Amino acid sequence: TVVRNGTAVNALGYQAVTEPVLGQSWQTTVDIATPGALASVVSIGLGGPAPPGLILSGFLQGELLILGPFTPHDVSLGSHGIPVPLDAALLGVTLATQGSAFSPGVLLLYNAIDATIGF
């Protein structure tokens with residue numbers, strides 16, 4: 001796993017606890033210390049990493065570090081377990097992921113993690 005933070009606008013609130021391994025659950029955490037945080041989200045950008053500099057405001061706040069289409073893969077409250085299928089075709093595939101925290105009226109974007117699936 002490699003942490004990526006573009007222009008460093010986003011807080012470093014998204015971390016890998018384990019490495020993504022075939023047939024196991026990849027464990028990550030998202031900081032929910034934001035006052036009023038109701039949920040945290042780990043999204044996968046199926047288009048890969050975004051080039052630095054796409055700063056958003058309004059409902060989405062922060063720098064977008066992954067390219068769509070997006071899949072909000074796991075919604076939880078700080079701790080995330082993302083199942084990695086036991087499929088040899090996924091070995092070595094790198095996924096661009098980004099963490100975020102949802103508070104009423106805002107989705108605050110954190111850093112990205114580029115995760116390469118191993119065994």
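Everything quoted here is computed from the prediction, not taken from an experiment.
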Heavy-atom pair with the smallest gap, counting every atom of [X] and [Y]:
X    : Y    : result
G78  : S40  : N-OG, 2.7 Å
P83  : G81  : CD-O, 3.6 Å
P20  : A115 : CG-CB, 3.7 Å
P104 : G36  : CD-O, 3.5 Å

Has E63 got a side-chain atom pairing as donor or acceptor with T7's backbone, closer than 3.5 angstrom?
yes
Can you measure from OG1 (T71) to CD1 (I44) and round to the nearest 0.5 angstrom?
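If I round to the nearest 0.5 Å, the distance is 6.0 Å.
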Just how far is it from atom CD1 of I117 to atom CD of E19, taken to the nearest 0.5 Å?
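That separation rounds to 11.5 Å.
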Looking at [options], which one forms a side-chain contact (heavy atoms from CB on, under 4.5 Å) with [X]?
X    : options       : value
L56  : V9, L107, L64 : L64
F119 : L91, L86, L90 : L91
H80  : V42, V41, V17 : V42

Should [X] and [Y] count as side-chain neighbours, where that means a heavy-atom distance under 4.5 Å?
X    : Y    : answer
L60  : L109 : yes
N10  : Q98  : yes
I113 : W26  : yes
N5   : L65  : yes

Tell me every residue that passes side-chain contact (heavy atoms from CB on, under 4.5 Å) with D31, counting only those two or more places apart in sequence or in another chain.
A33, Y110
Taking side-chain contact (heavy atoms from CB on, under 4.5 Å) as the definition, give me every residue that meets it alongside A37, ordered by chain and number, with sequence neighbours left out.
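So A37 forms a side-chain contact (heavy atoms from CB on, under 4.5 Å) with I32, T34, S103.
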Are [Y] and [X] connected into the same hydrophobic cluster when the rule is that any two of I, L, V, M, F, W, Y join if their side-chain heavy atoms are below 4.5 Å apart?
X    : Y   : answer
V84  : L95 : yes
L108 : I66 : no
L54  : F70 : yes

Applying salt bridge (charged side-chain N to carboxylate O under 4.0 Å, His left out), can you list everything that pairs with D114, at least two apart in sequence or on another chain?
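Applying salt bridge (charged side-chain N to carboxylate O under 4.0 Å, His left out) to D114 gives R4.
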